[in-house]
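Quick notes on the structure that follows.
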Amino acid sequence: MLDLKLMQKNPDVVRESLEKRGSKIDVAEFTALDEKRKTLIAEVENLKAEKNRVGPEIAKRKKAGEDASDLLEKMGQVAARTKELDVELNEVQALQKDWMMSVPNIPHESVPVGKSEEDNPVLRTWGEVPDLGFEPKEHWELGAELGGLDFERAAKLTGARFSLSFGWCARMERALAQLMLDTQTSLHGYTEVIPPYIVNRATMTGTGQLPKFEEDLFKLTDDREFYLIPTAEVPLTNIYAGEVLDEAVLPVKFCAFTPCFRSEAGSYGKDTKGLIRQHQFHKVEMVNFAHPDKSYEALEAMTGAAEKILQLLEIPYRVIALCTGDMGFGAAKTYDIEVWLPGQNQYREISSCSNCEDFQARRADIRFQPADSKKKQYVHTLNGSGLAVGRCLVAVMENYQQADGSIVVPEVLKPYMGGLEVIEAK
RNA sequence: GGAGAAGUGGCCGAGUUGGCUGAAGGCGCACGCCUGCUAAGCGUGUUAUGGGCGUAAAACUCAUACGAGGGUUCAAAUCCCUCCUUCUCCGCCA
């Protein structure tokens, strides 16, 4: 959520910033609501002030055994009027809140202006795109031929966009998760967390999935308003919802390996084969709570932490900056890491690292107490995949495939694979 | 799932025959005073959000907030309802 004061004072600056990302806001609508709200507040508060003045007088008279019926009648009217206005005020406030909650974050000044993913600049590439010397297969072919992946039976169990993996493939996914967690915790100072995979409405609202993106989520058909997490960013970021942290504890860095659940509404026809786009997948997620002065340094470090995994696996990738038109709802700045997939002959997203600044912190009410001032401030929150495990599995399979259809286990994964060095058809 | 108990400010803890309690008292913390160190002592202060007034900040002022949300009432921390959380006992279970 944006700062209400910013919206009140500089609505046109906000409007222009949001236009860069292709979002239109109706400033007049906001201003009208805000004026209405202020008018109602003034009126309600005057009535309440009167109530508070007269109340003790009634008590005094009653105690003295005097008649207070004139005051009682007057206050009866005041109470009735207050009730009416309160209802009206609540409606206006709810409208204004909905309005504010539906407005995306303002892009950081360093974000390249653009309309779509076509305009995302490549910042750096790592590793050489290899010439395998044979026609590379896609991961689902490899997975089927080597007995690791079975999408047909997964569809039988549940439906489209689910997967079932066996043996070496299941183990390799676990190995990758281990490698990622071990690296992020011991090398990059992250604290490992196991959060709930089901969260409530307030939590989903805190990170920005709700109210606007309900259709992307799986909701439990239960009257409790529980949702399956689409990413561990949601529970991790909300860990400190409603809390005030000591400045000295910043930055707090959490990582978690969790399943992620996405309805993928609107993505029909995209990536229908294989593991790239699933309703359920695994991801190691990193979340930082950073001091506002340090959050952009933290974003660079977090992106580097994600890149490190691909470096250890020795798989080529590139880092791009998302342009204003391609960024997610809550992000002020985002870097994507795209991994090379020989089977698809292209780079595909495997991580997205964002600084949300105080956008989520304001929604979730996460603040810190500065040592040198009384005023509490919102922290900056960052999140990044480190990495998407399923897609990483795809990258390993496709990059390490051999001409004979086998897959060589990357050096760094061998300790996690129980001595297995090559995956071959039986 | 069944039966009970509880949820007050940074913490502890008063306050349940409704009214003058944003909230006694204590602790903690901040500033000041005093004491020739330390300890003790004294004084003052110590929440958040929103409105008004200000160019802004401060100050001032008004409103709201005693787990959350509703209700009763002229008036609720105090009465009623729903929900959430915690604790105890029983049952069940990985």
Side-chain angles (χ1 to χ4, degrees), chain A residues 1-11 13 30-101 194-206 210-211 220 222-227 235 238-249 259 358 361-379:
Chain A
M1 185 163 61
L2 298 181
D3 185 1
L4 184 66
K5 289 204 167 67
L6 179 67
M7 197 51 219
Q8 288 168 331
K9 281 176 191 151
N10 292 312
V13 173
F30 170 85
T31 308
L33 278 173
D34 204 42
E35 289 303 317
K36 184 90 203 254
R37 178 179 132 262
K38 285 183 181 177
T39 310
L40 284 168
I41 283 175
E43 204 173 338
V44 167
E45 288 191 353
N46 281 335
L47 290 173
K48 288 186 176 169
E50 188 179 358
K51 180 199 87 179
N52 291 339
R53 276 195 306 274
V54 177
E57 178 64 21
I58 293 174
K60 201 194 286 175
R61 284 206 205 168
K62 286 207 160 182
K63 218 168 197 172
E66 294 170 21
D67 177 47
S69 55
D70 57 326
L71 293 182
L72 287 183
E73 184 181 341
K74 192 173 157 201
M75 287 302 97
Q77 289 166 8
V78 168
R81 180 67 182 144
T82 305
K83 207 169 193 173
E84 283 172 22
L85 289 172
D86 260 334
V87 170
E88 211 177 322
L89 178 59
N90 284 338
E91 282 168 10
V92 170
Q93 280 176 329
L95 281 175
Q96 188 177 34
K97 192 173 182 194
D98 287 350
W99 194 94
M100 289 297 291
M101 290 297 242
I194 300 180
Y197 305 151
I198 297 174
V199 298
N200 59 30
R201 186 172 183 89
T203 299
M204 281 295 182
T205 306
L210 290 178
L220 300 188
D222 180 291
D223 53 11
R224 284 181 291 193
E225 289 223 275
F226 281 174
Y227 298 84
N238 280 285
I239 284 174
Y240 292 127
E243 297 191 33
V244 179
L245 306 175
D246 268 345
E247 186 174 25
V249 308
D358 61 5
R362 188 173 285 110
R363 287 176 161 247
D365 188 26
I366 308 167
R367 291 173 295 169
F368 70 98
Q369 180 67 64
D372 59 355
S373 95
K374 290 197 73 174
K375 192 77 179 163
K376 297 175 180 69
Q377 280 185 57
Y378 289 112
V379 301

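Residue numbers begin at 1 in each chain, while the letters A, B, ... track the order of the sequences.
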If the cut-off is 4.0 Å, is [X] near the phosphate of [N], judged by side-chain N/O to OP1 or OP2?
X      : N      : answer
A:K51  : B:rU64 : yes
A:K376 : B:rA48 : yes
A:N52  : B:rU64 : yes
A:K36  : B:rG51 : no

(request) Determine which bases of RNA chain B form Watson-Crick or G-U wobble pairs with both distances under 3.5 Å, and write the result as a 5' to 3' dot-bracket string with | for other-strand partners. (result) ((((((((.[[[..)...(.....]]]((((((.......))))))((((((.......)))))).[[[[[..)....]]]]])))))))....
(message) Does A:E45 contact B:rG52 through a side-chain donor or acceptor facing the base, at a distance under 3.5 Å?
(response)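 Absent.
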(request) Evaluate whether atom CD of A:Q369 has more than 12 neighbouring non-hydrogen atoms of other residues, nucleotides or ligands under 6.0 angstrom away. (result) yes
(message) Counting the atoms with a prime plus P, OP1 and OP2 as sugar-phosphate, which does A:K83 contact under 4.0 Å by heavy atoms, base, sugar-phosphate, or nothing?
(response) sugar-phosphate
(request) Identify whether any heavy atom of A:L72 sits under 4.0 Å from a base atom; if not, whether one sits that close to sugar-phosphate; answer base, sugar-phosphate or nothing. (result)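 Base, at least one base heavy atom under 4.0 Å.
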Which nucleotide wins on minimum distance to the side chain of [X], given the candidates [options]?
X     : options                : result
A:A49 : B:rU64, B:rC62, B:rG19 : B:rC62
A:K48 : B:rA63, B:rG51, B:rC74 : B:rA63
A:K38 : B:rC74, B:rU72, B:rG51 : B:rG51
A:R37 : B:rA75, B:rG51, B:rU49 : B:rG51
A:K5  : B:rG50, B:rU49, B:rC74 : B:rG50

Distance, rounded to the nearest Å, where [X] contributes [atom1] and [N] contributes [atom2]:
X      : N      : atom1 : atom2 : value
A:D86  : B:rG50 : CG    : C1'   : 13 Å
A:N200 : B:rU85 : CG    : C1'   : 12 Å
A:Q369 : B:rA30 : CD    : C1'   : 12 Å
A:L40  : B:rU64 : CG    : P     : 16 Å

(message) Can you work out whether A:R367 or A:N46 has the more 5'-proximal nearest nucleotide on RNA chain B?
(response) A:R367
(message) Between A:A59 and A:D34, which residue's closest nucleotide on RNA chain B lies nearer the 5′ terminus?
(response) A:A59
One thing to verify: whether [Y] and [X] come together as a salt bridge, which I'm taking to mean a side-chain N less than 4.0 angstrom from a carboxylate O.
X     : Y     : result
A:K48 : A:E45 : no
A:K9  : A:D3  : no
A:K83 : A:D86 : no

(request) With the side chain counted from C-beta on, respond yes when A:K51 and A:L47 share a heavy-atom pair under 4.5 Å apart, and no when they do not. (result) no
(request) Could you walk me through whether A:R81 and A:E84 pass salt bridge (Lys or Arg N to Asp or Glu O under 4.0 Å), step by step? (result) CA-CA 5 Å; A:R81 180 67 182 144; A:E84 283 172 22; 2.9 Å; yes
(message) If only side-chain N and O atoms count, and only distance matters, is there a donor-acceptor pair under 3.5 Å linking A:N200 with A:T203?
(response)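 Result is yes, a qualifying pair exists.
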